[in-house]
Student: 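Submitted below is the structure of interest, expressed as structure tokens.
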Amino acid sequence: MPARISALASRARFGKFVSVGAVGAVVDVTTLLVLTEAAGVWAAAANVASIEAAILVMFAVNDRWTFADAGSGSVGRRLVRSHVVRAGGSTLQYALFVGVFYGVTVDATVFGVDCWLIAVKGGAIAVAMLVNYVFESLFTWHVQE
């Protein structure tokens, strides 16, 4: 287990994961905004769709780049493991988003865009990213030093 834990400290891998997470955050927030602002979908429901869109994009990039030297089994198996692992981070992100967005009312509309929605979503993504990094590294791609 110590080799696995020390592998988590890889600055290069963590940097890649954060970079991929930034791409995922853009996909997540963009999908959320399009669904809520343009399509009128309830924010809590749109959040589920935006999380899934981001997970699929991030899995594809992480599988090819961040963890290209790791991983076992087929791509399909890694995708399933990723979804199982990310269920924890996604649930945390969703709970934080819904709890804060609906629990704290802030009027921060700029040019017709709800910036409070974006701020809460960004904070929830940041917290979940740390959880996802640890569990994706250890269980989806089985990193070792």
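Residues take their numbers from the sequence shown, with the count starting at 1. This is a predicted model, so every value here is computed, not measured.
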Student: If hydrophobic clusters are built from ILVMFWY residues whose side chains come within less than 4.5 Å, do V106 and L33 share one?
Tutor: yes
Student: Linking I/L/V/M/F/W/Y whenever any side-chain heavy atoms sit under 4.5 Å apart, do I118 and V27 land together?
Tutor: no
Student: Which residue pairs satisfy the salt bridge (Lys or Arg N to Asp or Glu O under 4.0 Å) criterion with at least one member in residues 129-140, sequence neighbours excluded?
Tutor: R86-E136
Student: Just verifying a value: how many Å separate W141 CH2 and F135 CZ, rounded to the nearest 0.5 Å?
Tutor: 14.5 Å
Student: Can you name the nearest heavy-atom pair linking S90 to I51, along with the distance?
Tutor: OG-CG2, 3.6 Å
Student: Answer whether the closest heavy-atom distance between the side chains of V75 and F59 falls below 4.5 Å.
Tutor: yes
Student: Ignoring hydrogens and geometry beyond distance, is a side-chain donor-acceptor pair present between N47 and K121 at under 3.5 Å?
Tutor: yes
Student: So, S137 side chain and Y133 main chain: donor-acceptor pair closer than 3.5 Å or not?
Tutor: yes
Student: With side chains defined as the heavy atoms from C-beta onward, is the minimum distance between W116 and T105 less than 4.5 Å?
Tutor: no
Student: Are the side chains of L92 and V131 in contact, using a 4.5 Å heavy-atom criterion?
Tutor: yes
Student: Closest approach of G24 and A54, non-hydrogen atoms and distance?
Tutor: O-CB, 3.4 Å
Student: Decide yes or no for Q93 and V127: does some side-chain heavy atom of the first lie under 4.5 Å from some side-chain heavy atom of the second?
Tutor: no
Student: Search all heavy atoms of T36 against all heavy atoms of A43 and return the closest pair with its distance.
Tutor: CG2-CA, 3.6 Å
Student: Rounded to the nearest 0.5 Å, what separates atom CD1 in I125 from atom CZ in F97?
Tutor: 9.5 Å
Student: Does any part of the side chain of F14, heavy atoms only, come nearer than 4.5 Å to the side chain of L130, both counted from C-beta?
Tutor: yes
Student: Tell me, do W65 and S19 make a side-chain contact under 4.5 Å, heavy atoms counted?
Tutor: yes
Student: Which pair of non-hydrogen atoms, one from A128 and one from G89, has the smallest distance, and what is that distance?
Tutor: CB-O, 3.4 Å
Student: Test of understanding: clusters of I, L, V, M, F, W, Y form through side-chain heavy atoms closer than 4.5 Å, transitively. Do V143 and V134 belong to the same one?
Tutor: yes
Student: Below 4.5 Å, heavy atoms only, C-beta onward: do E52 and H83 meet side chain to side chain?
Tutor: yes
Student: Measuring from S50:OG to I55:CD1, what's the distance to the nearest 0.5 Å?
Tutor: 9.5 Å
Student: Please tell me whether L56 and V23 are part of a single hydrophobic cluster in this structure, the criterion being side-chain heavy atoms less than 4.5 Å apart.
Tutor: no
Student: Nearest 0.5 angstrom please: N62 CG to R13 CZ, how far?
Tutor: 10.5 Å
Student: According to the salt bridge (Lys or Arg N to Asp or Glu O under 4.0 Å) rule, which pairs have a member within residues 99-115, sequence neighbours left out?
Tutor: none
Student: Could you grab the distance from atom CG of L79 to atom OG of S74, nearest 0.5 Å is fine?
Tutor: 9.0 Å
Student: Say you draw a straight line from CG of L32 to CG of L117; how long is it, rounded to the nearest 0.5 Å?
Tutor: 4.5 Å
Student: Answer yes if F101 and V110 sit in the same cluster of Ile, Leu, Val, Met, Phe, Trp and Tyr residues linked by side chain heavy atoms under 4.5 Å apart, and no otherwise.
Tutor: no
